[in-house]
Amino acid sequence: MRRVFESLMNLLNLIRDRFVGPLKTLVDDPAPFVDMIRPAQDAKFGEFQANFAMPLAKQLGKPPREIAQTIAQQLQLDDICETPEIAGPGFINLRLKASFLSAQIGRISGDDRLGYSPTSSRRNVVVDFSSPNVAKPMHVGHLRSTVIGDAICRTLRFVGHQVVSDNHIGDWGTQFGMIIYGYRNFLDEAAYAEQPVAELARLYKLVNQLSDYHATKAKLTTLQSESATARTRLETAEAQAKDDKAKKQLNSLRKDIEAAEKAVKDAIESIEKVESSPTLLKAAQAHPDIARKARDETAKLHSGDADNNTLWHQFIPPCLEALNQVYRRLGIKFDMTLGESYFNPMLPGVVSSLQSKNLAKLSEGATCVFLEGNAAPFIVQKTDGAYTYATTDLATIQYRVESLKADEVLYVVDKRQSEHFQQLFATACLWGIGTVRFQHVSFGTVMGKDGKPYKTRSGDTVGLESLLDEAVSRARRIVDENDDRRESPLLTSEERARVAEIVGLGGIKYADLHHSRDSDYTFDWDKMLATTGDTATYMQYAYARVCGIFRKMQLSRDSLQTSGVTISVETPEERRLAVQLLMFGYAIDSVLNDYRPHLLTTWLYDTADAFSQFFDKCSVQNAGSEELRKSRLVLCDLMARAIKTGLSLLGIEVAEVL
RNA sequence: GCGCCCGUAGCUCAGUUGGAUAGAGCAACCGCCUUCUAAGCGGUAGGUCAGUGGUUCGAAUCCACUCGGGCGCACCA
């Protein structure tokens with residue numbers, strides 16, 4: 001019994017442990033076979049199933065059902081499960097005993113952690129996420145990194161790991177040259193005094209647009225001739241196309257044309273944008289070599305120019321404050337915000353160290369690390385002497401390993417940068433950084449309903465703040481509607497605003513987190529704030545319904561007597577809810593196995609779903625006996641804790657009344 | 001040209017790394033509020049898992065090829 005108590009944290013592991021002994025009588029290494037014990041695919045098979053008998057049959061040359069039988073006979077599981085059943089070709093099906101469920105629910109009742117005790121194998125994990133560029137407003141693209149990274153940090157901390165969340169902001173890049181140039185040439189002083197960040201963003205955008213204008217204009221005829229060439233090539237190819245191979249080439253040529261023509265169209269559009277505005281055109285003509293001059297400003301900044309550094313120090317604080325405003329609203333905290341600038345002094349040392357170890361060498365004027373299997377080199381210093389983000393990232397790794405003593409470093413970054421990270425990790429290993437575990441926790445692009453990266457109608461990226469405002473105002477409408485429908489509304493205006501914030505932000509975060517992170521995901525307002533289905537609201541609603549039960553019965557959840565109550569798991573709904581609650585530890589462990597928060601959303605949805613059925617079928621107020629009512633109250637309370645805790649690991653809040 | 005990823009229901013997505021009859025939400029249709037929040041519950045319908053071949057007791061999952069789509073690829077981060 002003691003054993004059950006200690007290792008219940010992850011119910012599956014508890015069961016797996018019991019198979020080790022019996023399996024050892026048949027094989028030397030039971031580990032791979034133990035892994036083949038899984039949650040059952042279908043409730044009719046019980047809660048767990050063991051799938052190892054079939055592959056083992058081949059290895060041992062015995063019928064699988066016989067092997068299953070042999071193992072089943074040796075199993076000592078009767079404190080947990082009913083007698084194992086052998087089914088189909090040789091599956092072992094396990095069904096949890098009602099007495100076990102009842103006892104375990106009783107044991108963890110009233111516990112916000114649902115019986116999950118902190119790990120004894122604590123790791124020191126640095127999580128690098130969000131990483132916006134300073135002085136460029138955050139947009140929808142930053143949302144995924146921020147939300148996923150935060151969820152991972154929270155879950156790691158919950159399990160008991162030492163976590164350092166680090167916002168590796170872009171505060172040193174080429175955009176600062178543009179801003180400095182803009183500041184010197186186009187500053188609107190009144191606007192800067194009023195809203196410095198907005199004005200800096202405007203300057204950045206302006207300088208960028210003008211640089212672009214000149215570059216595009218210079219490039220336009222080339223683009224046009226490339227487009228024309230592509231068309232000619234297609235026509236000749238079309239005339240000659242005979243076999244399938246040629247046909248395939250035609251297709252790829254057609255795609256080339258499409259791309260070339262789009263490039264021309266985009267170029268013309270961006271030129272038009274400038275030329276259609278007299279002010280912009282005048283500015284463009286007055287600053288013909290704006291791009292080079294902006295680059296010069298960056299170089300001056302990096303080489304220690306006093307004036308530019310003064311400006312930089314002046315720009316940074318309001319920009320950081322603007323970022324923090326967004327993070328505060330999202331409920332996200334960083335342990336440190338060490339931007340690229342922080343690592344600037346270390347960059348020469350990184351390069352010379354790589355050179356001294358014969359890892360980096362000069363190629364076409366740039367200092368590069370060549371890696372096996374990679375066509376492109378990893379450039380650590382450009383021909384003009386400037387360092388790249390590769391260099392910064394290496395310096396950052398060194399800092400995280402040496403100063404932060406990291407065992408593991410996670411990078412929550414767009415999957416399009418996977419080659420960079422593959423090269424970075426490979427270089428770091430060659431460099432001799434030690435036994436740190438690196439992982440690029442990659443994620444896909446946020447798409448619009450049109451299947452293209454999410455943009456506003458005018459083609460701009462969507463600002464993060466307006467996105468949050470939109471979510472909250474949509475949520476407010478729903479909250480208003482719902483509360484107005486009641487005979488006597490339960491919420492004051494201030495409470496409605498608070499609930500709208502919780503529901504709106506929760507909806508946005510949940511929508512993102514419930515997709516597996518690798519895939520691109522389609523941003524859809526109607527879905528994330530729908531009043532039906534698999535949304536944050538569904539869980540929040542389930543939570544509020546529990547609160548409603550206690551409110552109606554004039555009981556307080558805080559003073560609920562949870563110990564000494566016998567938990568009933570007689571009805572299918574009670575049973576399912578109990579099983580779900582006990583699977584919490586497994587869900588948490590699955591999330592951290594490969595940093596996939598969506599496995600937690602799945603568990604949350606299943607749990608809320610189990611509760612909804614329970615709510616429908618198992619009345620608390622009208623339970624047949626006082627004993628049963630107590631049992632159900634404890635289940636309700638535990639389910640509310642489960643939802644609150646689970647959502648909190650995703651950075652999502654709950655409300656007593658919805 | 002080289003490399004990586006993807007293709008599952010009308011739509012949006014899962015599918016626990018090779019297991020039993022491929023699942024959920026939305027949309028559609030049918031039912032359920034005098035009892036704890038109907039933002040809910042129950043049910044029906046919906047599939048050539050892009051295609052072909054292979055590996056084996058067993059494949060959406062692994063391998064090969066084909067078709068279709070996306071994304072990277074020396075001095076931007």
Side-chain angles (χ1 to χ4, degrees), chain A residues 12 35-36 38-42 44-45 49 51-52 54-55 57-58 64 87-91 93 131 133 170 172-175 244 248 251 255 340 363-368 373-384 386 388-390 392-393 414-420 422 442 444-445 449 451 478-479 481-482 485-486 490 503 511 514-516 518-522 524 526-527 530-535 537-538 540-542 544-553 586 590 593-594 596 598-599 601-602 605-606 609 612-613 615-622 632 636 657-658:
Chain A
L12 180 62
D35 284 345
M36 298 176 79
R38 310 254 166 84
Q41 288 207 327
D42 193 314
K44 75 183 172 200
F45 299 133
Q49 62 181 62
N51 303 333
F52 54 67
M54 288 76 80
K58 191 172 171 103
F91 296 103
N93 290 332
S131 317
N133 278 319
W172 199 242
T174 42
Q175 85 269 24
D244 281 358
K248 201 186 161 188
N251 261 332
K255 264 194 254 167
E340 291 163 349
S363 167
E364 295 177 29
T367 308
C368 307
N374 287 87
F378 199 52
I379 298 177
V380 292
Q381 189 169 19
K382 301 192 286 186
T383 306
D384 64 5
T388 67
Y389 75 136
T392 313
D393 279 354
D414 193 307
K415 70 177 174 189
R416 281 172 294 194
Q417 293 189 37
S418 62
E419 269 115 330
H420 166 72
Q422 182 255 322
S442 60
T445 312
K449 273 184 172 176
I478 296 166
V479 171
E481 246 174 64
N482 188 56
R485 258 204 314 270
R486 294 198 243 257
L490 292 168
V503 168
H514 103 283
H515 289 85
S516 62
D518 283 315
S519 47
D520 294 343
Y521 108 89
T522 310
D524 183 343
D526 296 331
K527 271 184 189 133
T531 55
T532 58
D534 186 2
T535 59
T537 315
Y538 185 77
Q540 291 165 328
Y541 181 64
R545 283 169 106 180
V546 171
C547 297
I549 292 174
F550 280 82
R551 196 167 48 243
K552 273 273 162 54
M553 295 174 72
Y586 173 70
S590 309
N593 190 36
D594 195 29
R596 299 191 173 277
H598 87 275
L599 296 174
T601 68
T602 303
Y605 181 77
D606 288 344
D609 190 44
S612 294
Q613 289 174 20
F615 184 88
D616 207 49
K617 291 271 168 28
C618 308
S619 176
V620 177
Q621 213 163 8
N622 300 328
R632 288 182 174 170
C636 283
V657 178
L658 233 56

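Values reported hereafter were calculated over all heavy atoms of this structure, with side chains retained and with hydrogens, waters and symmetry mates removed. Here is the naming used below: chain letters follow the sequence lines, and residue numbers restart at 1 for every chain.
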Selected nucleotide, minimal atom distance to [X] side chain, candidates [options]:
| X | options | result |
| --- | --- | --- |
| A:Y586 | B:U37, B:A14, B:U16 | B:U16 |
| A:I478 | B:A77, B:A39, B:U37 | B:A39 |
| A:K617 | B:A38, B:U12, B:C41 | B:C41 |
| A:S619 | B:G19, B:C36, B:A39 | B:C36 |
| A:K58 | B:C57, B:G19, B:A77 | B:C57 |
| A:Y538 | B:G40, B:A74, B:U37 | B:G40 |
| A:D616 | B:A77, B:G40, B:U35 | B:G40 |
| A:N622 | B:U35, B:A14, B:G40 | B:U35 |
| A:E364 | B:C36, B:G19, B:A74 | B:A74 |
| A:T537 | B:C73, B:C76, B:A39 | B:A39 |

What nucleic acid atoms does [X] come within less than 4.0 Å of, heavy atoms only: base, sugar-phosphate, or nothing?
| X | result |
| --- | --- |
| A:Q621 | base |
| A:Q417 | base |
| A:T383 | base |
| A:R485 | sugar-phosphate |
| A:V657 | base |
| A:C547 | nothing |
| A:A87 | base |
| A:A375 | nothing |

Distance test, side-chain N/O of [X] to OP1/OP2 of [N], below 4.0 Å:
| X | N | result |
| --- | --- | --- |
| A:R545 | B:A38 | yes |
| A:R551 | B:U37 | no |
| A:R486 | B:U37 | no |
| A:H598 | B:G15 | yes |
| A:K255 | B:G69 | yes |
| A:T522 | B:U12 | no |
| A:K415 | B:C71 | no |
| A:R416 | B:C4 | no |
| A:S612 | B:C41 | yes |
| A:S519 | B:A14 | yes |

Canonical and wobble pairing (Watson-Crick, G-U, under 3.5 Å) of RNA chain B, dot-bracket with |: (((((((..((((.....[...)))).(((((.......))))).....(((((..]....))))))))))))....

From A:R416 atom CZ to A:S442 atom OG, the distance as rounded to the nearest 0.5 Å: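 So the CZ of A:R416 and the OG of A:S442 are separated by 11.5 Å.
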
Distance in Å, A:T602 OG1 paired with A:D609 CG, rounded so as to fall on 0.5 Å steps: 12.0 Å

Nearest-Å distance once atom C1' is located in both B:C63 and B:U17: 16 Å

Whole-Å C1' distance, B:G43 and B:A60: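 About 28 Å, rounded to a whole number of Å.
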
Sugar-phosphate or base contact per nucleotide [nucleotides 21-31 of chain B; S, B, -; heavy atom under 4.0 Å]: B---SS-----

Closest-nucleotide 5' rank along RNA chain B - winner of A:G548 and A:S363: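 The residue mapped nearer the 5' terminus is A:G548.
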
Sidechain-backbone polar pair: A:T388 side chain, A:I379 backbone, donor-acceptor under 3.5 Å: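 Flag set: sc A:T388 to bb A:I379 pair under 3.5 Å.
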
Distance-only polar pair, side chains of A:Y389 and A:H420, donor-acceptor under 3.5 Å: yes

Criterion side chain to side chain donor-acceptor pair (under 3.5 Å) on A:S612 and A:Y538, from CA distance to verdict: CA-CA 9 Å; A:S612 294; A:Y538 185 77; 3.2 Å; yes

Between C1' of B:A74 and CZ of A:F378, the distance in whole Å: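 The answer, rounded to whole Å, is 12 Å.
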
